[in-house]
Amino acid sequence: MTTHRPRIGIVLGSTRQGRFGDRPANWILDIARQRTDITAELIDLRDYPLPMFDEPMSPAWGPPTNPVAQRWSAKLAPLDGLIIVTPEYNHGYAGVLKNALDHAYAEFARKPIGFVGYGGVGAARAIEQLRLVAIELQMAPVRSAVHIGMVEFVGMLQQGKTFEDFPYLAQSATSLLDDIAWWARSLRAARGVDTKIEA
């Protein structure tokens, strides 16, 4: 029997040297892969070294001309939703992430998006900004998110702690993935894509 499960891309939204983001990205990926209602894959922006946006027109009006941007768009197109893993820098998110979002348009439209944030106040300010950008890209940001605050961040970065030491984060991850799965199925059906799940 064929199983058609929504495909969710987990985007690692920082490319800086020594980034912490690999830990939460792989953590949420592992949790997502335990589910039977979605499939998930990790997408690292380091694998898509996009130039600063200088296309002759917005991707809303025409396809990108840059080969890396074309590869980025091709990666996004078959996905049914995204989870972005983001730090918070100076009350905002990373420039490399905004640049990546600016390099596509149709590939985002009418799909859900959720967030895992880390840093000051759990990257809440960065995530709120990303929700506004997502709406302009015609995405549907879900309410639930994972906020890894300074206590957890410093504990894992400097004190040898792991996600298992903060079980409430896993509860937040479950809520996030529940929302993403529901919206991915609903919007996939609304886009006319077969979503039948068979045992």
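All values reported here derive from a predicted model rather than from experimental measurement. Hydrogens, waters and symmetry mates play no part in the numbers below; they use all other heavy atoms, side chains included.
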Does the side chain to side chain contact (heavy atoms under 4.5 Å, CB included) test come out yes or no for I28 and L177, once each step is laid out? CA-CA 9 Å; I28 193 71; L177 291 166; 4.1 Å; yes
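- With hydrogens and angles disregarded, no donor-acceptor distance shorter than 3.5 Å links the side chain of R33 to the backbone of I38.
- I180 and W182 fall within the same hydrophobic cluster, defined by Ile, Leu, Val, Met, Phe, Trp and Tyr side-chain heavy atoms under 4.5 Å apart, directly or through other members.
- For the pairing with V11, the side-chain contact (heavy atoms from CB on, under 4.5 Å) check across D44, L101, V116, I84 returns one residue only, I84.
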When you look at D37 and R185, which way does the salt bridge (Lys or Arg N to Asp or Glu O under 4.0 Å) test go after all the steps? CA-CA 9 Å; D37 55 351; R185 288 193 304 271; 3.8 Å; yes
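- A side-chain donor-acceptor contact under 3.5 Å links R71 to the backbone of D47.
- Within 6.0 Å of the CZ atom in R16, the count of heavy atoms belonging to other residues, nucleotides or ligands does not exceed 12.
- Residues M139 and I135 are not in side-chain contact: their nearest non-hydrogen atoms beyond the backbone lie 4.5 Å or more apart.
- Using a distance-only test at 3.5 Å, with no hydrogens or angles considered, no donor-acceptor pair links the side chain of D30 to the main chain of W27.
- For the side-chain contact (heavy atoms from CB on, under 4.5 Å) with Y118, the lone residue among L157, V146, T86, V85 that qualifies is V85.
- N66 contributes a side-chain N or O that, together with a main-chain N or O of V68, makes up a donor-acceptor pair within less than 3.5 Å.
- A side-chain donor from one of E152 and Y168 sits under 3.5 Å from a side-chain acceptor of the other.
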Decide salt bridge (Lys or Arg N to Asp or Glu O under 4.0 Å) for E128 and R125; before the verdict, give the C-alpha distance in whole Å, the side-chain angles of both, and the deciding distance to 0.1 Å. CA-CA 5 Å; E128 285 304 298; R125 294 164 295 214; over 6 Å; no
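- Panel note: side chain Q70, backbone P64; a donor-acceptor pair is recorded below 3.5 Å.
- The aromatic rings of W72 and F108 sit perpendicular to each other, their planes meeting at more than 60°, with 30° as the lower class boundary.
- One side chain, S14 or Y89, offers a donor N or O that lies under 3.5 Å from an acceptor on the other.
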Please step through side chain to side chain contact (heavy atoms under 4.5 Å, CB included) for the pair K111 and D80, ending with a clear verdict. CA-CA 6 Å; K111 300 175 183 179; D80 297 302; 5.7 Å; no
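- For the pair F163 and P24, the minimum side-chain heavy-atom distance is below 4.5 Å.
- Remark: I31 CD1 to I83 CD1 distance equals 9.5 Å, nearest 0.5 Å.
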Which is it for I8 and E41 under the side chain to side chain contact (heavy atoms under 4.5 Å, CB included) test, yes or no, and what are the steps along the way? CA-CA 7 Å; I8 307 302; E41 63 177 295; over 6 Å; no
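- Remark: the backbone N or O of L176 is not paired with any side-chain donor or acceptor of R143 at under 3.5 angstrom.
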